[in-house]
Amino acid sequence: MSNRIVINADLSKGTISRHIYGHFAEHLGRCIYGGIWVGEDSDIPNTNGIRNDVLEALKNLQIPNLRWPGGCFADEYHWKDGIGPRETRKRMVNTHWGGVVENNHFGTHEFMKLCELLETEPYVNGNVGSGTVQEMSEWVEYMTFDGESPMADLRRKNGQDKPWKLKYFGVGNENWGCGGNMRPEYYSDLYRRYQTYVRNYGDNKIYRIAGGPNIDDYKWTEVLMRESTRFMDGLSLHHYTLPDGWENKQPALGFDHTQWFNTMKSALYMDELITRHSAIMDQYDPKKRVGMIVDEWGTWFQVEPGTNPGFLYQQNSMRDALVAGITLNVFHDHCDRVHMANIAQTVNVLQSVILTEGEKMTVTPTYHVFEMYKAHQDAEALELTKQTPKYEMNGTSLEQISATASRGKDGRVNISLCNISHDQAAELTIELRGLADAEPHVQGRILHHDDLSAHNTVDAPNVVAPAELSGIQIENGILRITLPAASVAVLHVG
Ligand code: AHR
């Protein structure tokens with residue numbers, strides 16, 4: 001079968017929220033400590049304790065929002081331990097992640113400073129599992145109240161006169177698991193109670209996100225939507241890409257073709273999950289007011305040999321780049337319901353966009369995909385149909401090409417393409433309908449490496465990097481390109 005794509009450049013199917021390009025930074029391993037926060041006295045160049053190289057790289061991605069402080073960590077985080085003079089902040093054990101000492105040097109003020117420097121929206125995740133309603137309520141008061149009150153006064157005493165703007169707030173995390181092992185009926189009632197005290201102060205309007213299902217727990221979605229739809233703005237969903245399940249995690253590098261294939265299959269499963277959870281949400285929220293917030297997604301492999309198993313530090317290869325590309329394409333396809341997503345996690349943990357070693361850093365193949373896809377942020381998703389050969393292994397068959405298109409505010413059409421086959425190149429014919437100009441300017445970049453395990457390290461940071469896509473032909477609104485096996489490309493037309 002030939003590879004043929006038709007794009008209707010004048011038919012929008014909704015806006016791709018830029019918040020689909022969100023990130024997640026937990027107090028886990030070397031994500032916050034060492035990866036983002038080094039402290040003001042560090043030899044590593046920093047701004048208010050935040051490392052400059054990481055700041056600069058993240059700024060270049062235009063990340064729209066950042067979720068913090070967890071994850072599982074959120075449901076044992078007590079925010080008052082992380083304010084006031086750093087030297088007197090309480091030390092605690094991070095029981096979920098490596099049993100290491102957490103000195104609370106990175107707290108609310110440091111996080112808000114990070115968001116300010118990145119010009120990104122903070123997404124704060126509150127503690128339901130081991131925290132009280134009062135504690136959650138006071139955190140929101142501390143961050144957002146402008147008048148005279150105990151919490152606003154405490155914030156001022158700690159050096160922040162004006163309240164911060166805070167839009168996104170999560171009421172618990174994975175409350176079916178590390179966030180309290182609750183049943184959906186119980187969590188739903190708790191959610192209703194806790195969110196009541198997540199107040200809107202002044203003109204600060206909070207978008208409340210309820211803790212959603214684990215992967216395919218459709219009953220959880222059913223109960224939450226049935227009982228609590230009117231109290232929420234978003235419902236979260238978590239799905240990690242694992243080639244062989246949770247019990248048999250695979251190495252991040254040096255995988256075989258079957259593991260490659262199974263990784264693509266697991267990533268593409270996101271489409272079925274969103275479709276089925278959305279169908280349940282549609283019953284209770286047909287106008288799609290409530291967003292599906294995929295606030296944890298990405299690959300989960302074995303940790304790198306010799307590293308703390310609780311730190312979840314893994315390398316990031318061309319395979320991760322493909323997972324990022326196809327997952328973002330799935331989110332574009334569901335942009336009517338998926339209003340936000342957060343890759344796990346920003347630095348040094350799981351499918352990171354940045355890896356650091358001491359003062360050195362590198363960006364990963366996943367970073368390059370986020371950078372190449374930037375033009376889709378807040379663009380109009382376009383109708384696209386495709387015929388593509390099957391990519392088959394061991395009796396399972398996937399579509400070889402994943403593709404989406406959007407029209408940006410600048411009028412250009414952006415087309416993102418992933419060839420998920422590990423060994424078959426694809427000759428693509430792309431018909432562009434509804435363009436004013438039949439032979440517009442086309443420019444494209446590609447991320448590809450002949451070695452499927454190719455990756456960047458702090459000492460060899462440019463092994464995987466985008467290059468100009470050569471050989472693009474366009475005539476009478478028909479684009480022709482060849483995509484090598486295992487590649488991600490983005491074209492800009494017009
Ligand atoms: O991202 C790592 C962990 O995965 C998060 O803390 C938790 O929410 C999920 O299980």
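Order of appearance sets the numbers: ligands from 1, and atoms from 1 within every ligand. Position 1 is the first residue of the sequence; numbering continues from there.
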Atom 10 (O) of ligand 1: closest protein heavy atom, distance to 0.1 Å, is Glu174 OE1, 2.7 Å
re atom 1 (O) of ligand 1, the protein heavy-atom contact at minimum distance is Tyr240 OH, 2.7 Å
Note: Val349, heavy atoms under 4.0 Å from ligand 1, region reported as neither
Would you say ligand 1 has an N or O under 3.5 Å from any N or O of Leu312? no
In terms of heavy-atom contacts, Phe24 and Leu66 come closest through N-CD1, 4.0 Å
Note: ligand 1 atoms sitting under 4.0 Å from heavy atoms of Asn173 are 8 (O)
One finds that the ligand 1 atoms under 4.0 Å from a non-hydrogen atom of Gly71 are 5 (C), 6 (O), 8 (O)
Heavy-atom closest pair (Ala375 atom, Ala379 atom, distance to 0.1 Å) is O-CB, 3.7 Å
Ligand 1 atoms nearer than 4.0 angstrom to some heavy atom of Cys72 are 5 (C), 6 (O), 7 (C), 8 (O)
Pairing of Asp285 and Arg337 as salt bridge, 4.0 angstrom limit: yes
>> Please verify the inter-ring angle class for His27 with Phe73; under 30° counts as parallel, over 60° as perpendicular, anything in between as tilted.
In response: parallel
Determine, stepwise, if the pair Gln351 / Tyr240 fulfils side-chain hydrogen bond (donor to acceptor under 3.5 Å, both in side chains). CA-CA 10 Å; Gln351 190 175 348; Tyr240 283 96; over 6 Å; no
Ligand 1 contacted by Trp97 (non-hydrogen, < 4.0 Å): yes
The atoms of ligand 1 lying under 4.0 Å from a heavy atom of Gln345, numbered in the order shown, are 1 (O), 2 (C)
(Q) Pairing donors with acceptors under 3.5 angstrom, does anything connect the side chains of Tyr367 and Asn60? (A) yes
The atoms of ligand 1 lying under 4.0 Å from a heavy atom of Leu350, numbered in the order shown, are 1 (O), 2 (C)
Only residue of Gln315, His455, Met361 satisfying side-chain contact (heavy atoms from CB on, under 4.5 Å) with Leu355 is Gln315
* May I ask you to check if Arg30 and Tyr313 form a cation-pi contact, with NZ or CZ under 6.0 angstrom from the six-membered ring centre and within 45° of the axis? => yes
### Query
Does one side chain, of Asn214 or His238, offer a donor that lies under 3.5 Å from an acceptor on the other?
no
Counting heavy atoms under 4.0 Å, the part of Glu26 that contacts ligand 1 is side chain
Nearest non-hydrogen protein atom to atom 4 (O) of ligand 1, with distance, is Glu296 OE1, 3.2 Å
Quick note on ligand 1: atoms under 4.0 Å from a heavy atom of Phe24 include exactly 1 (O)
